[in-house]
Amino acid sequence: MRQLTLPACLLASLAFTTAQITPVSNAAFYPYGPGTADILDPAADDGTSGEQSLSTQFPFFGNTYNSLYVNTNGAISFGGAVTGATTVAFPVTDNKVIAAFFTDIQTNHTGHIYHRETVDADVLARATIDIRTAFPADNGGFVATWTYIATWHEVGMKGATGDGLNLVGINGGDGTHYTIHPYSRTTNLYNLPTWTDPAVSGPAGRWYRRTDQALIGNTPALVCPSSYSQRRGEKCLKMFKKPTKSYTGAKATCASEGAELFIIRSHADTEWVVGMLADFNSRTGKKRDVWIGLTDEDTEGTFVWEDGTPFNVTGYAPWAEGAHEHNNEFRNCVFINKRKNWLWYVQKCRGPWELYAGPNSYICAKNAVPAAPDC
């Protein structure tokens, strides 16, 4: 028998027939098959057990479910059956699954799929020890009161399937949150029975992960939308070096791109902007200042950031000498002034240029977005 064992909150395991998988002992599995109360699913290709009611709600990424589906292709799903195999890596939208070994499986010619809900005392005692061992800090006092065991016994793959099709992991179904085994979608999956999780205590061939928190798991790498390439935290930035005479015009341009005017309210932000402008100024000989997203247009002398948050007068505020004297009801918008050693100054929000003011560039900001899945 060729086997691998992957309990993951529910106890999902796979005994998989392939010459490339190293065999492990039956002792690695929870009891299954003949001699237990297991349900035996009919032979199928891209099939499912149908909806299986649960006596205890199962928590999964911020939701709870009263039923589950044991699917032919190596996955337990919630909210509906997942019968097709997929070449798309987690995270994916809609499919809420625990993937013991998500690939193109058929049982028409070989193998069986068993599953059951149980409160058997021996199984509960073993599950209690396993979870306490795996998560000692969080669940040192954990006591199992219920289990669901699903086993794919010596099942076979349909035709030739590439390594990129073989997924082991948990997918939250929101297109963002997921957990994936480090061997997933690689030829190293053939060595799962001898793999030891460096993050979780337990015997080889086991992979334990929690599913009971809304945001648990990995999130995909964040990338910038098209034409936005600079990153400040979760924000992607695009600097418009072509000047605008209007603060309102700068905001409108950003809005037309589905962005907002970037607010510069920290020393780190200022350093980044100055670096960009200094390079531009030295190359072109053009002196560009930049709007910082701060005005007192509504109430003279009371500055407010563009996102509506009040200005902290005791916080970061590198005003240039004379800026406050220069401020009056006609000059309401703050900018970083090249002529004042990159300090803050005030000018008219809609031009024309005055003494110690010049053409203003501006920066639009968008949120970074999850990288597209590897297809």
Side-chain angles (χ1 to χ4, degrees), residues 1-18 21-41 48-49 52-60 65 67-78 97-103 105 107 111-136 138-140 142-155 168-170 179 181 189 192-197 200-212:
M1 179 180 292
R2 308 292 185 178
Q3 304 174 316
L4 62 87
T5 309
L6 294 167
C9 297
L10 292 180
L11 304 173
S13 60
L14 183 74
F16 201 79
T17 301
T18 169
I21 293 182
T22 305
V24 296
S25 167
N26 283 345
F29 288 86
Y30 281 68
Y32 72 94
T36 71
D38 268 348
I39 298 168
L40 172 62
D41 282 349
T48 179
S49 65
Q52 304 295 306
S53 297
L54 302 175
S55 62
T56 300
Q57 288 187 327
F58 187 75
F60 194 77
Y65 294 90
S67 63
L68 56 76
Y69 300 76
V70 179
N71 304 296
T72 305
N73 287 325
I76 296 169
S77 61
F78 302 91
V97 300
I98 296 175
F101 200 96
F102 195 18
T103 190
I105 294 172
T107 57
H112 303 288
I113 299 174
Y114 300 99
H115 52 92
R116 75 184 185 280
E117 180 181 8
T118 181
V119 292
D120 178 84
D122 291 339
V123 170
L124 295 183
R126 180 174 172 182
T128 296
I129 294 173
D130 283 346
I131 297 303
R132 287 184 179 183
T133 302
F135 305 104
D138 296 330
N139 294 288
F142 172 84
V143 176
T145 60
W146 165 93
T147 61
Y148 200 98
I149 301 172
T151 310
W152 286 258
H153 171 79
E154 292 194 343
V155 294
V168 176
I170 306 170
T179 297
H181 192 284
L189 278 175
L192 275 175
T194 59
W195 177 84
T196 301
D197 192 341
V200 179
S201 299
R206 302 286 183 89
W207 189 63
Y208 300 87
R209 290 298 183 271
R210 295 179 59 169
T211 67
D212 60 332

task = Assess whether side-chain contact (heavy atoms from CB on, under 4.5 Å) is satisfied between Ile129 and Thr133, documenting all intermediate values.
result = CA-CA 6 Å; Ile129 294 173; Thr133 302; 4.0 Å; yes
inquiry  = Let's go through Ile39 and Tyr114 carefully: what are the C-alpha distance in whole Å and the side-chain angles of both, what is the deciding distance for side-chain contact (heavy atoms from CB on, under 4.5 Å) to 0.1 Å, and is it a yes or a no?
reply    = CA-CA 5 Å; Ile39 298 168; Tyr114 300 99; over 6 Å; no
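A donor-acceptor contact under 3.5 angstrom links the side chains of Tyr32 and His153, judged on distance only. For the 3.5 Å distance criterion, the side chains of His115 and Asp41 qualify, holding a donor opposite an acceptor. In this model, no donor atom of one side chain and acceptor atom of the other lie less than 3.5 Å apart for Glu117 and Thr147. Checking Tyr30 against Asp130 by side-chain atom types alone, a donor-acceptor pair falls below 3.5 Å.
Between Ile76 and Val97 there is no side-chain heavy-atom pair separated by less than 4.5 Å. Taking 4.5 Å as the limit, every side-chain heavy atom of Arg206 sits out of range of all side-chain heavy atoms of Trp195. Put simply, the side chain of Ile113 reaches to within 4.5 Å of the side chain of Val70, judged on heavy atoms. No side-chain heavy atom of Asn71 sits under 4.5 Å from any side-chain heavy atom of Asn73. At a threshold of 4.5 Å between non-hydrogen side-chain atoms, the residues Arg116 and Pro31 count as touching. You'll find the side chain of Arg126 stays beyond 4.5 Å of the side chain of Asp122, heavy atoms only.
Heavy-atom minimum distance, Trp146 versus Leu124: N-CD2, 3.4 Å. Between Gly74 and Ile105 the shortest heavy-atom distance is N-CD1, 3.8 Å. Residues Leu192 and Val168 share a closest heavy-atom pair of CD1-CG2, 4.1 Å. Considering all non-hydrogen atoms of both residues, Phe142 and Ala127 come closest at CE2-O, 4.2 Å. Nearest heavy-atom pair across Thr128 and Ala144 is OG1-N, 2.9 Å.
With rounding to the nearest 0.5 angstrom, the CZ atom of Arg210 is 14.0 Å from the CZ atom of Phe60. Distance check, rounded to the nearest 0.5 Å: CG of Leu68 to OG of Ser49 gives 7.0 Å. Here the CZ atom belonging to Phe29 is positioned 11.5 Å from the CD1 atom belonging to Ile149, to the nearest 0.5 angstrom.
The aromatic ring centres of His112 and Trp152 sit 6.0 Å or more apart.
In this structure, Thr211 contributes its side chain and Ile170 its backbone to no donor-acceptor pair below 3.5 Å. Looking only at distances, no side-chain donor or acceptor of Ser67 sits under 3.5 Å from a matching main-chain atom of Leu54.
Below 30°, between 30° and 60°, or above 60°: for Phe135 and Tyr208 the angle between ring planes is above 60°, a perpendicular geometry. Ring-plane geometry between Phe78 and Tyr65 is classed as tilted, the angle between the planes lying from 30 to 60 degrees on a 0 to 90 degree scale.
For Phe102, there are no ring pair (Phe, Tyr, Trp, His ring centres under 6.0 Å) partners two or more places apart in sequence or in a different chain.
Contact check on Asp197 versus Arg209 returns a salt bridge, with a Lys/Arg side-chain nitrogen under 4.0 Å from an Asp/Glu carboxylate oxygen.
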